[in-house]
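The structure appears below as structure tokens.
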Amino acid sequence: MLDIALIRKTPDEIKARLAARSGELSSQIDAVLRCDTQRRQAETKLQQLQADRNRISKEIGAKKKAGEDTSEIEAQVRGFGEDMKRLNEETTALDTEQRDLLLGIPNTPHEACPAGADAAANPEIRAWGAKPVFTFQPKSHVELGEKLGLFDFNRATKISAPAFTCYTGPGARLERALINFLLDTHTRTGGYTEIAPPLLVNADALIGTTQLPKFADQLYHCPEDDLYLVPTAEVPVTNLHREEILKLDQLPIKYAAYTPCFRREAGAAGLGTRGLIRMHQFDKVELVKICHPSQSMAELELLTADAEKILQTLGLHYRVIELCTGDLGFGSAKTYDIEVWAPGQGSYLEVSSCSNFADYQARRMALRYKDENGKNQFCHTLNGSGTALARLYVALLENHQQPDGTIAIPEPLRPYFGAEKIG
RNA sequence: GGAUGGGUGGCAGAGUGGUCGAAUGCGCACGCUUGGAAAGCGUGUUAGGCUUAACCGUCUACGAGGGUUCGAAUCCCUCCCCAUCCGCCA
């Protein structure tokens, strides 16, 4: 969340920066400011009363010890109780209200973020490789996969629900090979520490990484235990250090985690389309960084490069676009999306989204470090997919399909898959 | 799920109604000492809020919430978590 002290100090500047996002946010800033003023008034009154009570109570203790009569002075302070209780409730309520308001206000985009209204305004930053040229009409991954027995949508629906799939035989092995390839690459050459986190998390974790309270309808919830299925490893992994005060020499922290991801995708376009591109469950290897504020912009570039390296190694043409202010995610200050070419679709697929959240998430989860002067400061957090598996799988099948209907496995993946081709 | 014992500062661990944000030890930081280090000595070392340019001051927090009281780490209630044992189980 945003810093209330900063909002108080420079409300117009905050409003101006938020105005670049979609949606009307300046009235929310006004609301939080009103609440803040009331809260502080109530708090000051309460504290005055508490200070008086403490002073008198101390006096009573001293007098009793001296054997003096205290009944009169006790009667005097007895009346404090009711006022204090009322003011305490008022303060607590205003405090909660202020926090709720702050949780609903998105992050301010970074100054370097390109201005724009929506996805159409996202600039392309760079591209790697080129669209492959086929001597035949490239097939969709759905057709390729069903012919080769790589996955089974019908049976997955039978045992679960639409928009789930079941990988089978060599298809399951390919998925596993990709997971291992991604994790090995990031941990061996990227310097990331591997994490295998819980797949069910509590609400506090989801608040920390901004999935709650605003996006509850996208989450699978187990009400019996009040736990949620992870929509991304970002949630458990970033929250690993929630409410901690890290030492300077611990930074930067770099984690890589493989998890399945569960998303309800309520209202999402393309859910009804057969295929691996949008599903309720998919695998992903996520990269998470916790770093010093001065380093986060540089770390974002490195993070994006780490994700790109995967596509390069697999010989997949992609482009990097930067999200403009109007298309930026709720908590992000700056985001790069990586889109891989999928010839069977005739379009690019988003396989990675790399974001710098600055101190926005850290503030929500009280994630701090002790600076050079011994003062506690909020860390900066980042994350990026490295990469999403299902769409990478699509790209792999569609880009490396052969005229005879087989799939060539790229060289670096062969030790993991155990063969040179599928089919 | 059942039983028992516990949750206090970075860690260990005192404290069972008042001067306790909290003894002591360890750790850590700085200083003295030293050729240098160790030892020794000294000083400091939780977090959040309000107020402030800052210092100061003040409030809150001893797992969480509520209650009793002029006053709660300390007494009462509820909940959560941890440990061990039993049951169940990959």
Side-chain angles (χ1 to χ4, degrees), chain A residues 1-10 32-103 196-208 222-228 236 239-251 253 259-260 290 359 361-379:
Chain A
M1 56 191 163
L2 299 180
D3 180 7
I4 185 62
L6 191 65
I7 294 177
R8 208 186 288 149
K9 213 164 147 189
T10 58
V32 81
L33 277 172
R34 271 197 303 276
C35 186
D36 179 56
T37 304
Q38 286 177 37
R39 190 203 99 235
R40 284 184 297 151
Q41 278 172 2
E43 201 169 321
T44 305
K45 263 192 262 177
L46 173 66
Q47 288 181 4
Q48 185 56 53
L49 221 49
Q50 284 171 328
D52 289 345
R53 183 208 58 191
N54 290 347
R55 185 175 43 74
I56 297 170
S57 289
K58 246 173 207 181
E59 224 173 282
I60 292 171
K63 286 196 169 171
K64 281 207 161 154
K65 200 160 237 179
E68 293 175 40
D69 175 59
T70 56
S71 54
E72 193 179 318
I73 194 167
E74 275 184 42
Q76 178 196 340
V77 79
R78 198 164 289 146
F80 280 35
E82 214 168 292
D83 281 347
M84 288 200 340
K85 192 175 172 182
R86 184 179 50 78
L87 277 167
N88 191 27
E89 279 165 7
E90 198 179 318
T91 305
T92 308
L94 285 165
D95 205 63
T96 305
E97 188 187 338
Q98 179 176 322
R99 182 174 166 82
D100 288 348
L101 285 167
L102 282 172
L103 288 178
L199 304 181
L200 287 165
V201 295
N202 59 36
D204 284 340
L206 289 154
I207 289 170
C222 309
E224 289 287 315
D225 303 287
D226 201 17
L227 292 171
Y228 300 79
N239 278 283
L240 237 31
H241 296 284
R242 183 170 87 221
E243 289 163 50
E244 289 184 20
I245 300 172
L246 303 170
K247 295 201 174 75
L248 214 43
D249 62 14
Q250 287 180 269
L251 303 177
I253 291 172
T259 68
I290 299 170
D359 64 1
Q361 291 184 333
R363 233 174 250 289
R364 287 178 159 234
M365 60 176 91
L367 167 56
R368 293 158 293 173
Y369 69 96
K370 209 167 268 293
D371 73 9
E372 300 80 351
N373 305 313
K375 280 201 72 174
N376 296 331
Q377 309 282 3
F378 289 104
C379 301

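When reading the values below, keep in mind they use all heavy atoms of this one structure, side chains included, and skip hydrogens, waters and symmetry mates. So you know, we letter chains A, B, ... as the sequences are listed, proteins then strands, and number each from 1.
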Tell me whether A:Lys375 is salt-bridged to A:Asp371, with the criterion being a basic N under 4.0 Å from an acidic carboxylate O.
no

Roughly how many Å apart are B:U8 and B:U46, using the C1' atom of each and rounding to a whole number?
12 Å

Is the shortest side-chain N to carboxylate O distance from A:Arg86 to A:Glu82 below 4.0 Å?
no

Spacing of the P atoms in B:A12 and B:A3 (rounded, Å)
28 Å

Measure CD/A:Gln50 against C1'/B:U51 and give the value in whole Å, please.
15 Å

Looking across every strand, which nucleic acid part, if any, lies under 4.0 Å from A:Ile56 by heavy atom: base, sugar-phosphate, or nothing?
nothing

Here the distance between atom C1' of B:C28 and atom CG of A:Leu246, to the nearest Å, is 17 Å

Same-atom distance (P) from B:A83 to B:G27, integer angstrom:
28 Å

Separation of B:G48 atom P from A:Gln47 atom CD, nearest Å, is 16 Å

Across all strands shown, which nucleotide pairs with B:U45 by Watson-Crick or G-U wobble geometry, both distances under 3.5 Å?
B:G27

Where the side chain of A:Arg364 meets the backbone of A:Ile207, is there a donor-acceptor pair that is under 3.5 Å apart?
yes

Considering just the side-chain nitrogens and oxygens of A:Arg368, establish if one lies under 4.0 Å of OP1 or OP2 belonging to B:A47.
no

Salt bridge present between A:Asp95 and A:Arg99 (N-O < 4.0 angstrom):
no

What is the base-pairing partner of B:G1, counting Watson-Crick and G-U wobble geometry with both distances under 3.5 Å?
B:C86

In whole Å, what is the span from the NZ atom of A:Lys375 to the C1' atom of B:A54?
10 Å

Between A:Gln48 (CD) and B:G57 (P), how many Å, whole number?
16 Å

Distance between C1' atoms of B:G15 and B:C62 (Å, rounded)
11 Å

Give, for atom CZ of A:Arg368 and atom CG of A:Asp359, the distance between the pair rounded to the nearest 0.5 Å.
12.5 Å

Please confirm whether any donor atom in the side chain of A:Glu74 sits under 3.5 Å from an acceptor in the base of B:G71, or the reverse.
no

Any strand is fair game: report the nucleotide pairing with B:U52 by Watson-Crick or G-U wobble, both distances under 3.5 Å, or none.
none

Return the pairing partner of B:G36 with a 3.5 Å limit on both distances, Watson-Crick or G-U wobble; otherwise return none.
none

Could you tell me the separation between the OG1 atom of A:Thr92 and the CZ atom of A:Arg39, rounded to the nearest 0.5 Å?
11.0 Å

Can you tell me how far P in B:C11 sits from the matching atom in B:A23, rounded to whole Å?
16 Å

Output the rounded distance in Å from NZ (A:Lys58) to P (B:G17).
19 Å

Give me the distance, rounded to whole Å, that separates B:A39 from B:A54 when you measure between the P atoms they each carry.
40 Å

Counting the atoms with a prime plus P, OP1 and OP2 as sugar-phosphate, which does A:Arg39 contact under 4.0 Å by heavy atoms, base, sugar-phosphate, or nothing?
sugar-phosphate

Using atom C1' in both nucleotides, what's the gap between B:U58 and B:U69 to the nearest angstrom?
23 Å

Select base, sugar-phosphate, or nothing to describe what A:Lys63 touches, counting heavy atoms under 4.0 Å on all strands.
nothing

Could you tell me which nucleotide pairs with B:G21 by Watson-Crick or G-U wobble geometry, both distances under 3.5 Å, or answer none if nothing does?
none

With heavy atoms under 4.0 Å as the rule, sort A:Lys247 into base, sugar-phosphate or nothing.
nothing

Give a yes/no on whether any side-chain N or O of A:Arg40 is located under 4.0 angstrom from OP1 or OP2 of B:U51.
yes

To the nearest Å, give me how far apart CG (A:Asp226) and C1' (B:A64) are.
16 Å

With a 3.5 angstrom cut-off on both distances, give the Watson-Crick or G-U wobble partner of B:U78, or none if there isn't one.
B:A64

A:Glu74 bridged to A:Lys64 by N-O distance under 4.0 Å
yes

Residue met sooner reading RNA chain B from 5', once A:Ala75 and A:Arg53 are mapped to nucleotides:
A:Arg53

Residue A:Lys58 excluded, over 12 heavy atoms near NZ under 6.0 Å:
no

Roughly how far apart, to the nearest Å, are B:C86 and B:G67 at atom P?
41 Å

Could you work out which one of B:G18, B:A47, B:C50 sits closest to the side chain of A:Ile245?
B:A47

Looking at B:A47, I'd like to know if its phosphate oxygens (OP1 or OP2) sit under 4.0 Å from a side-chain N or O belonging to A:Asn376.
yes

Using a 4.0 Å heavy-atom cut-off across all strands, classify A:Arg8 as base, sugar-phosphate, or nothing.
sugar-phosphate

Output yes when at least one side-chain N/O atom of A:Lys85 is less than 4.0 Å from OP1 or OP2 of B:G67, else no.
yes

With a 4.0 Å limit, can you tell me whether A:Asn54 has a side-chain N or O closer than that to the phosphate oxygens OP1/OP2 of B:U60?
yes

Measure the distance from CD1 on A:Ile73 to P on B:G18 and round it to the nearest whole Å.
18 Å

By nearest-nucleotide position on RNA chain B, the 5'-leaning member of A:Ser57 and A:Gly374 is A:Ser57

